[in-house]
2 protein chains.
Amino acid sequence: METTNDGQVPRAVVHRLSLYLRELQQLMKNGRSTTSSTQLGKLLGFTDAQVRKDLAYFGQFGYPGIGYRCEELLVAIKNILGTDHEWPVAIVGVGNLGRALLGYRGFHNQGFRVVAAFDTDSKKVGEKIEGILVYPTEQISEVIRQHRIRLGMIAVPANSAQIVADELVRSGVEGIVNFAPVTLAHPAGVWVERVDLAIELEQLSFSVVNRQQNT
Amino acid sequence: METTNDGQVPRAVVHRLSLYLRELQQLMKNGRSTTSSTQLGKLLGFTDAQVRKDLAYFGQFGYPGIGYRCEELLVAIKNILGTDHEWPVAIVGVGNLGRALLGYRGFHNQGFRVVAAFDTDSKKVGEKIEGILVYPTEQISEVIRQHRIRLGMIAVPANSAQIVADELVRSGVEGIVNFAPVTLAHPAGVWVERVDLAIELEQLSFSVVNRQQNT
DNA sequence: TAGATTGTTAATCGATTAACAATC
DNA sequence: TAGATTGTTAATCGATTAACAATC
């Protein structure tokens, strides 16, 4: 019996699911056809118990005495994460970072396709970058609906991020990756993942300065 | 009395410290001179108790009945994070993403300065991007030592990320932000922050598909 | 003063790990 | 068979929240 969590899967578990997926893809690339909770745990620095517990939230995927079939577990995880079919994605902000995201191969490998980009700069509007047309921000709603886009990425300056987020939400976007270093307000039913590049370095700075004994 | 953690500050706490710092910067930009655990909590979606508990790991920064002086708390957090002085940083890999990182203003704002870039591509070597010279990867060790660089960012393809990481570590780098979608092996005493852009989208995909009731 | 807010202790809640029967 | 490994329960560990005296 569960406690209070009530079928809610912890964020941390879902995040590790993505990591398991990456390791499985790697293992398969290396020609491995089966793996085990011990192996996955070793690769990622988790205990074997944690790997099994995480997977147990979603079902039974292994074979006692054998382990997990890579292909099978990989497909199962993609199903859980929802990346068994391709997601069209929009990018708002075609500066340095936005351009890099437009050209990032890793998205397509994992089931995401950037289909539209937006910018306020009239010099950029109309341009095709990596084969993707840049629309004016005024057309966000129209284009998002046309393409049935449910996921967006924000790569605009901090001071316009909230306005862009509001517009994306109004247009029906349900998930946002926010690269601007601000906290976005958003309604329930919309999810935001914040990626703050400077924070990553800050975390390292702290670790180095405070020389912790953990890895 | 502490339990077993023994003065070790949880990662999550340090991460929230960075978020408090961002909010303080924002508040000050808006002309606020004091704040409170309640206000910080509301802005970030935490409880007031959590804010106070987090700060308590590092000392006493507030005034009962008053709250926190923004400027003062900001300086204190920068001290804790180690960003009270500037850190020189290296970037390996000058593809789409590497270039974007070279031009990212957010680093300098937070106390980081990219001082060197590396790439294997002889067409890129010697080029100056955003005022930063691109060196051949063979010179990683030499340049890193010259500039006393302790933090690096890896923006190379997945299959060469480990080799680059090893070389950075050999050169004395103590902290790495890894943008390649692979798990890096590394010795204790070296810290790695993994940023996997596709994983961010995967997490959103999961949330949208599984329509959780939390925010 | 009354109201606001801190720092901190104790209580609660949740997540990780250990252990083991069942299975191949 | 003996060895390996799962899924799951119970025990442990750690993190969050509630509560409140002290303070301004």
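Note that the structure is predicted; figures quoted are calculated from it, not measured. Labels below follow one simple rule: chain letters A, B, ... track the order of the sequence lines, proteins then strands, and each chain is numbered from 1.
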Send over the distance from [X] [atom1] to [N] [atom2], rounded to a whole Å.
| X | N | atom1 | atom2 | value |
| --- | --- | --- | --- | --- |
| A:Gln8 | C:dC13 | CD | P | 16 Å |
| A:Arg52 | C:dA21 | CZ | P | 15 Å |
| B:Phe46 | D:dA18 | CZ | C1' | 18 Å |
| A:Asp48 | D:dT8 | CG | P | 15 Å |
| B:Arg11 | D:dG14 | CZ | C1' | 16 Å |
| B:Glu72 | C:dT6 | CD | P | 13 Å |
| A:Arg69 | D:dT6 | CZ | C1' | 13 Å |
| B:Phe58 | C:dT6 | CZ | P | 17 Å |

Short side-chain N/O contact to [N] OP1/OP2 from [X], under 4.0 Å:
| X | N | value |
| --- | --- | --- |
| B:Gln60 | C:dG7 | no |
| A:Ser37 | D:dT5 | no |
| A:Tyr68 | D:dG7 | yes |
| B:Thr47 | D:dT16 | no |

(message) Assess, by modelled atom type and distance only, whether the side chains of B:Ser207 and A:Arg11 contain a donor and an acceptor separated by less than 3.5 Å.
(response)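 Yes, A:Arg11 and B:Ser207 have a side-chain donor paired with an acceptor closer than 3.5 Å.
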
(message) Between A:Thr183 and A:Arg194, is there a side-chain donor-acceptor contact under 3.5 Å, judged purely by atom types and distance?
(response)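 Note: A:Arg194 and A:Thr183 side chains meet the donor-acceptor criterion.
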
(request) Assign B:Thr38 to base, sugar-phosphate, or nothing according to its heavy-atom contacts below 4.0 angstrom with the strands shown. (result)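 Contact class for B:Thr38: none.
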
(request) Take A:Tyr63 and A:Lys53, find for each the nucleotide of DNA chain C with the closest heavy atom, and name the residue whose nucleotide sits nearer the 5' end. (result)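 On the 5' side of the pair lies A:Lys53.
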
(request) Tell me the partner of C:dT5, counting only Watson-Crick (N1-N3 plus N6-O4 or O6-N4) or G-U wobble (N1-O2 and O6-N3) with both under 3.5 Å; none if nothing fits. (result)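 Its partner is D:dA22.
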
(request) Please determine, for D:dT12, whether a Watson-Crick or G-U wobble partner exists with both distances under 3.5 Å, and give it or none. (result)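 Across any shown strand, D:dT12 pairs with C:dA15.
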
(request) Working to the nearest 0.5 Å, report the span between CD of A:Glu71 and CG of A:Leu74. (result)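 The distance works out to 6.0 Å.
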
(message) Once side-chain hydrogen bond (donor to acceptor under 3.5 Å, both in side chains) is applied, what residue pairs with a partner in residues 93-107 of chain B remain, sequence neighbours excluded?
(response)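 Counting only pairs at least two positions apart or across chains, the side-chain hydrogen bond (donor to acceptor under 3.5 Å, both in side chains) contacts touching residues 93-107 of chain B are B:Arg99-B:Glu127.
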
(message) Closest-nucleotide mapping onto DNA chain D: is A:Ala56 or A:Gly67 further toward the 5' terminus? I mean the 5' end.
(response)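 Of the two residues, A:Gly67 wins.
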
(request) Scan B:Leu55, B:Asp54, B:Thr47 and name whichever one has a side chain to side chain contact (heavy atoms under 4.5 Å, CB included) with B:Val51. (result)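 That would be B:Leu55.
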
(request) Go through D:dT17, C:dT16, C:dT5 for me and flag the one nearest to the A:Arg16 side chain. (result)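 Comparing D:dT17, C:dT16, C:dT5 against the side chain of A:Arg16, the answer is C:dT16.
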
